[in-house]
Amino acid sequence: AQSVTQPDIHITVSEGASLELRCNYSYGATPYLFWYVQSPGQGLQLLLKYFSGDTLVQGIKGFEAEFKRSQSSFNLRKPSVHWSDAAEYFCAQTDSWGKLQFGAGTQVVVTP
Amino acid sequence: GAVVSQHPSRVICKSGTSVKIECRSLDFQATTMFWYRQFPKQSLMLMATSNEGSKATYEQGVEKDKFLINHASLTLSTLTVTSAHPEDSSFYICSATEGGHEKLFFGSGTQLSVL
């Protein structure tokens with residue numbers, strides 16, 4: 001069965017430090033991958049997506065993600081986090097029809 | 001600006017009443033809309049897929065008679081939670097696409113609280 005795994009439920013990072021959120025996907029064909037961010041009580045904001053092409057994807061808010069087929073991974077990174085980056089982050093995959101399968105999410109806490 | 005509008009953003013209702021949530025695509029024709037549910041501190045789970053003019057396809061374990069989905073036009077899908085109970089309290093969010101994964105947009109979500 002297809003699945004998306006986010007191994008880290010919770011990550012605490014200091015403001016200004018780098019951040020990496022892990023995501024592993026399981027999909028037989030070409031995966032279409034997304035990273036979303038959700039603030040408490042809010043909807044989803046798309047950070048970036050990968051469909052094909054360059055495996056290093058640039059997104060909004062200074063985030064980037066790298067698609068590694070050999071590792072079935074699509075990890076999200078940010079070189080220097082800001083306090084406003086504290087939120088829940090979801091990795092997701094879809095088939096060609098747009099039906100998304102989400103990972104369990106990673107809660108990011110930013111400390112001063 | 002938002003391309004998918006979802007209303008209401010928050011609703012509180014009494015147990016046993018029905019609640020309707022609307023999801024509108026603002027500047028494109030949404031041939032397919034998806035409805036997700038998110039319980040507190042959990043991930044989003046797909047409830048159903050609706051295609052304009054046809055019956056919705058529900059995921060396993062989702063009661064189609066309780067969660068009525070109507071996708072009568074290319075810009076509007078509605079989710080009605082019938083005879084709501086406290087265990088239906090959740091965050092409901094829709095997404096819409098005019099075809100496939102490339103143009104896929106989410107609504108802002110609806111927080112439902114059933115007393």
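Chain A is the first sequence line, chain B the second, and so forth, proteins listed ahead of strands; every chain is numbered from 1.
At a threshold of 4.5 Å between side-chain heavy atoms, the hydrophobic network of Ile, Leu, Val, Met, Phe, Trp and Tyr places B/Met33 and B/Phe105 in two separate groups. A chain of hydrophobic side-chain contacts below 4.5 Å, direct or via other Ile, Leu, Val, Met, Phe, Trp or Tyr residues, connects B/Met47 to B/Ile21. Each of A/Tyr32 and A/Tyr50 belongs to its own hydrophobic cluster when Ile, Leu, Val, Met, Phe, Trp and Tyr are linked at side-chain heavy-atom distances under 4.5 angstrom.
Within the 4.5 angstrom heavy-atom criterion, no atom of A/Leu46 approaches chain B. Of the two parts of A/Gln6, neither the backbone nor the side chain holds a non-hydrogen atom closer than 4.5 Å to a non-hydrogen atom of chain B. Of the two parts of B/Ser108, only the backbone, made up of N, CA, C and O, holds a non-hydrogen atom closer than 4.5 Å to a non-hydrogen atom of chain A. With a 4.5 Å cut-off on non-hydrogen atoms, B/Gln6 does not touch chain A at all. Looking at B/Gln111, neither its backbone nor its side chain comes within 4.5 Å of chain A, counting heavy atoms on both sides. Interface residue B/Tyr36: only side-chain heavy atoms are found under 4.5 Å from chain A.
Within residues 78-98 of chain B, the residues approaching chain A closer than 4.5 Å by heavy atoms are, in numerical order, B/Phe91, B/Ile93, B/Thr97.
Among the candidates B/Leu46, B/Thr110, B/Thr32, the residue making the largest number of heavy-atom pairs closer than 4.5 Å to chain A is B/Leu46. For chain B, the option among A/Pro40, A/Gly105, A/Gly43 with the highest count of heavy-atom pairs below 4.5 Å is A/Gly43.
Between A/Glu88 atom CD and B/Gln38 atom CD the span is 7.5 Å, to the nearest 0.5 Å.
Within a 6.0 Å sphere centred on CZ of A/Arg77, other residues, nucleotides and ligands contribute more than 12 heavy atoms. Counting non-hydrogen atoms of neighbouring residues, nucleotides and ligands closer than 6.0 angstrom, the CG atom of B/Leu115 exceeds 12 such neighbours. Summarising the local packing, NZ of A/Lys78 is surrounded by more than 12 heavy atoms from other residues, nucleotides or ligands at distances under 6.0 Å. Heavy-atom neighbours of B/Gln29 CD from other residues, nucleotides or ligands within 6.0 Å: at or below the threshold of 12.
Pairing each heavy atom of A/Ala104 with each of B/Ser43, the nearest pair is CA-CB, 3.8 Å.
Annotation: side chain of B/Phe106 is in contact with side chain of A/Leu100 (closest heavy-atom distance under 4.5 Å).
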(Q) Using side chain to side chain contact (heavy atoms under 4.5 Å, CB included), reason through B/Leu44 and A/Tyr36 one step at a time and then give a plain yes or no. (A) CA-CA 11 Å; B/Leu44 294 90; A/Tyr36 288 91; over 6 Å; no
